[in-house]
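For the single chain, residues carry numbers from 1 onward in sequence order. First listed ligand is number 1; within each ligand, the first listed atom is number 1.
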Amino acid sequence: MTARLGGKGGGIMGKPNPQIANAVALAEKKFDLRTRRSREIHQRVQSMIPGGSPNGLFIDYPTPYPVYMDHGDGCWIWDADGNRYFDLVAGDWALPLGHRNPVVSSSIAAQLAKGTTWGGPDAELTFQVATLIQQRIPSMQRMRFTTSATEAVMQCMRLARTHTGRPKIAKMRGAFHGLYDIPLVGNGRYPDAGYAPPGLPDGTVQSTVLLEYNDSKNSVQAIDAEADKLAAVIVEPINATNGMIPATREFLQTLREATQRRGIVLIFDETVTFPVSDHGGQGLYGVTPDLTTLGKVVGGGLPLGVFGGREEIMNLVDPAIHAPNRPPVDHVSTFAGMPICLAASVATMQELTSDAHQHLQDLGEYLRQGVSALAAELQVPLQATGTGLLFGLHWTPNRVVDIQTARTSNRDALYALNRHMYNAGYYMFPKGIGIVSTPMQTADLDQFFAALEGAIVESGLRSV
Ligand SMILES: Cc1ncc(COP(=O)(O)O)c(C=O)c1O
């Protein structure tokens, strides 16, 4: 099985470059030999599970089959063939403490011994999680739990519409906020960053306003033009899916002012950015939204999402305020905030101390600077963006500062690099985004740089 480059979901630079195609072919021969068991598993699974991946990850590039994983420990993960990888994926960025953190694991085990779910609130954990979240994100004056960030985003959009009585939601062109209807418009997984996939209810596209990330002037114009109809603006402080691109402070402040002026709800999707500081992305930037969504890290490796924010808006789900038991916004869910997930959440937030955050920040900076130094030395158009623990690799001569510049990155080249890095024992997303985790040390990253250099040289990407 070989990968096809340059097609849908592959390169965005037109036809595949023959040097890149060669680089991929070279890596895939070795990859094929190293991952025979994964290939066998894939053949067994794929007739029942499209793409072989039950959550859809690791298959949206020309990957012939995903690597099927077996177990993890700290910053390492092992596949079905017994290959060990340095894990820069960390559970789709959910595990900044790495796999099987002892405190998190024993907290889950202790809760498992008591039971996994009650169908109602837990005596201790509900209060503990809410308190720990509020200490980190004080703007979450009231909050509710979900099983995923997708649902948290969905709830915020309904809250915003109910609160304002307006129908539309503005999002950034190319941003991903999960699988609810409006976030799927222009979600960045397609060659056209504004593309709306099929299957959305009538009116979804018309209810969506696309803004340009880090473009204050055009965003304010669009917000002003749509103000009477606009319920909310949703934005990530650091755009994850397009390559961990930090917002400028000026952009977030401008969105804050423009939304406040027009009575529009500002939602920060902090699903990915929650661990960039002790106080999330909003603490880092000093900009306070009306509502916030959390996911991934907040669940400590188990499924948990959270939405919350200004009391006045969150009261819309409170049955005590909207008697008789009829809050205007429905929120009921079987598994939302299960005690087993809350136990993992408490342990994770307690383990993510200020020292841990500093370590992650230092590692992230070390990685970004090391990649830049290597790129300069090898004279290749590789660069690393990101903040704190988050990093994104881009293969483009343009400095990546927004989604448009990120989309000039040669994804085929990144894919070729990724295949070579797999063979060298590095587990990364094919499009080059990832996180560092607390079990890592700078010496591990020195090895990563050496492997990256090897991959660039061996693959022939130097001359692309
Ligand atoms: C910024 C952002 N928001 C929302 C989501 C959806 O999260 P979930 O997969 O928990 O529904 C994701 C998932 O990657 C995300 O990156």
Please confirm whether R419 makes a cation-pi placement over F31, using NZ or CZ under 6.0 Å from the six-membered ring centre and within 45° of the ring normal.
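Flagged: R419 positioned over aromatic ring of F31.
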Over-ring placement of R144 relative to F307, 6.0 Å and 45° cut-offs:
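Because its charged atom misses either the 6.0 Å distance or the 45° angle limit, R144 does not stack over F307.
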Classify the angle between the aromatic ring planes of Y195 and Y190 as parallel (below 30°), tilted (30 to 60°) or perpendicular (above 60°).
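Y195 vs Y190 ring planes: tilted.
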Counting heavy atoms not belonging to E124, are there more than 12 under 6.0 Å from its CD?
no
Quick test of your reading of the model: are R158 and D330 salt-bridged, counting only N-O distances below 4.0 Å?
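No, R158 and D330 are not salt-bridged.
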Has Q350 got a side-chain atom pairing as donor or acceptor with A347's backbone, closer than 3.5 angstrom?
no
Considering only heavy atoms, which protein residues lie less than 4.0 Å from any atom of ligand 1?
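Protein residues near ligand 1 are S148, A149, T150, F176, H177, G178, E236, D269, T271, V272, K296.
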